[in-house]
Amino acid sequence: MRQWLFRQLERGYERLLAREVSGAPTHVAVIQDGNRRYARQRGDGAHDGHRAGAQTTERVLEWCQEIGVEELTLYAFSTENFDRPAEEREALFDLLCEKLREFADAERVHANEVCIRAIGDLERLPPRVRDAIDYAEGRTEGYDQFVLNIALAYGGRAQLLEAARSVAHDVESGDLAVSDIDVDTVQERLYAQPVRDVDLIIRTGGDERTSNFLPWHANGNEAAVFFCAPFWPEFSRRDFLRGIRTYESREASWRRTRARRALALLRAVSEPELAEARSILGRFRDSLPTAEQPEADAIGQPAVEASEAGDGDSSQVAD
């Protein structure tokens with residue numbers, strides 16, 4: 001009876017979370033931690049934990065598509081993972097080959113037009129893994145409804161270092177002027193294909209760190225981060241929805257902070273800063289608590305315009 005009641009409470013909580021989700025992040029990145037600890041807890045080998053984790057990966061892909069996420073990046077194999085015992089490493093490579101080919105042939109992947117891509121220092125991977133990557137990318141390269149990035153042989157700092165070296169080489173050779181270096185100059189050298197800015201990082205397994213994962217796309221975008229205790233094979237839809245709620249809370253907080261900064265500017269400075277402050281405050285005025293909201297005429301906007309501006313998308317305003 002107690003177990004039945006507990007299950008009913010869990011299902012009710014999950015339904016409540018689902019109703020509370022009002023907007024999905026565009027790009028979710030996941031650090032799939034805890035496969036080996038999950039296996040040890042059950043008296044199994046590491047390979048059993050990785051295989052159980054692969055099943056969770058398939059479910060998360062479905063959950064993302066259900067709520068409207070457009071891009072998912074999975075931290076499948078880091079540069080540090082090369083230091084693991086050879087037997088465990090080779091078994092993981094075999095599993096990656098199996099799942100890449102399985103995904104590439106899956107009916108649901110083609111029905112939902114999922115584009116599968118691998119990012120990282122792929123040349124370090126065994127030929128059989130690179131062949132599986134080529135197969136998956138080739139089978140799905142024409143799709144653009146959903147992007148699934150698999151981070152393999154990936155290290156964020158190493159990627160940034162290589163990009164910096166590439167820029168320095170082009171400057172030294174005269175092919176690039178220092179004055180022409182901008183965000184796009186660095187970003188286009190990180191991967192062969194573009195990756196959107198990350199809105200939400202999820203890490204399972206209890207550790208509260210982002211482990212050098214997508215630093216350019218996550219830290220630069222001030223991504224929300226959700227840490228949770230379950231090991232990756234135990235990660236549930238309920239945990240996923242809690243992560244989405246963390247993103248939404250972070251987004252609401254960002255809007256309030258922007259509006260408060262703009263209101264402070266409006267009260268403290270003169271032109272040309274006033275124009276920027278009025279524009280920002282007009283967009284995010286409704287994000288402030290009612291007691292803090294200035295009158296529309298105080299920011300130089302008609303009441304109707306101010307109300308409409310408050311509904312704008314925060315992604316259109318750079319910080």
Side-chain angles (χ1 to χ4, degrees), residues 25-29 31 70-75 77-80 82 115 117-125 130 133 137 141 144 147 149-201 209-225 250-251 254-255 257-262 264-266 268-281 283-284 312-319:
T26 299
H27 185 180
V28 175
I31 302 172
E70 297 177 19
E71 186 163 358
L72 172 66
T73 300
L74 301 170
Y75 206 174
F77 192 89
S78 70
T79 50
E80 290 78 11
F82 283 106
C115 177
R117 308 188 307 193
I119 59 173
D121 189 1
L122 306 183
E123 292 302 314
R124 295 185 62 183
L125 296 168
R130 297 202 301 271
I133 290 169
E137 291 184 339
E141 64 182 349
D144 61 3
V147 176
N149 300 310
I150 313 293
L152 297 169
Y154 178 85
R157 285 187 296 181
Q159 289 282 331
L160 289 173
L161 180 59
E162 284 302 311
R165 285 173 175 165
S166 175
V167 171
H169 178 271
D170 286 355
V171 170
E172 185 178 21
S173 64
D175 295 330
L176 179 67
V178 173
S179 58
D180 291 334
I181 299 173
D182 57 15
V183 169
D184 291 337
T185 306
V186 177
Q187 185 156 309
E188 67 189 10
R189 295 159 194 265
L190 293 175
Y191 311 106
Q193 303 176 83
V195 175
R196 293 182 179 92
D197 284 340
V198 175
D199 300 306
L200 170 66
I201 290 180
R209 51 196 173 91
T210 56
S211 294
N212 195 24
F213 188 35
L214 296 170
W216 179 271
H217 298 87
N219 296 345
N221 194 44
E222 297 186 15
V225 182
R250 168 70 180 81
E251 188 75 1
W254 183 88
R255 286 171 176 265
T257 299
R258 291 284 288 165
R260 284 169 176 156
R261 287 178 184 171
L265 275 174
L266 197 60
V269 302
S270 57
E271 300 291 352
E273 291 90 347
L274 277 175
E276 179 185 0
R278 286 195 177 101
S279 174
I280 294 172
L281 191 56
R283 290 181 60 80
F284 300 127
D313 182 359
S314 65
S315 64
Q316 297 177 1
V317 180
D319 195 356

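Since the model is a prediction, treat every value here as computed from it, not as a measurement.
- The shortest heavy-atom contact between N212 and Y75 is O-OH, 4.1 Å.
- Closest of all the heavy-atom pairs between R189 and S166 is NH1-OG, 2.6 Å.
- Side chain of E71 to backbone of V195: no donor-acceptor contact under 3.5 angstrom is found.
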### Task
Go through L125 and F82 one step at a time and tell me if the side chain to side chain contact (heavy atoms under 4.5 Å, CB included) criterion holds.
CA-CA 9 Å; L125 296 168; F82 283 106; 4.2 Å; yes

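- Using modelled atom types, one finds no donor on one side chain facing an acceptor on the other under 3.5 Å when comparing R196 with T26.
- Residues T79 and A153 approach most closely at CG2-O, 3.5 Å, considering heavy atoms.
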### Query
Should V171 and I181 be marked as a side chain to side chain contact (heavy atoms under 4.5 Å, CB included) after you check the CA-CA gap, both sets of side-chain angles, and the distance that decides it?
CA-CA 9 Å; V171 170; I181 299 173; 4.0 Å; yes

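- In this structure, F213 and A218 approach most closely via the heavy-atom pair O-CB, 4.4 Å.
- The NE2 atom of H27 sits 2.5 Å away from atom OG1 of T73, with the distance rounded to the nearest 0.5 Å.
- For the pair H217/L190, a side-chain contact is recorded, criterion being any heavy-atom separation below 4.5 Å from C-beta on.
- Of all heavy-atom pairs between W216 and L160, the closest is CE3-CD2, 3.8 Å.
- You'll find the side chain of Y154 reaches within 4.5 Å of the side chain of L214, heavy atoms only.
- Side-chain atoms of N149 do not come within 3.5 Å of backbone N or O of R117 as any donor-acceptor pair.
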### Task
Apply side chain to side chain contact (heavy atoms under 4.5 Å, CB included) to L176 and T185, showing your working.
CA-CA 10 Å; L176 179 67; T185 306; 3.9 Å; yes

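- Rounded to the nearest 0.5 angstrom, D182 CG and Q187 CD are separated by 10.0 Å.
- The distance from atom CG of D121 to atom CG of L152, rounded to the nearest 0.5 Å, is 11.0 Å.
- I150 contributes atom CD1, which lies 11.5 Å from atom CG of L122 (distance to the nearest 0.5 angstrom).
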#### Entry: Residues V28, D199; criterion side chain to side chain contact (heavy atoms under 4.5 Å, CB included); working and verdict
CA-CA 6 Å; V28 175; D199 300 306; over 6 Å; no

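- Scanning all heavy atoms of the two residues, the minimum distance from V198 to A223 falls at O-CB, 3.2 Å.
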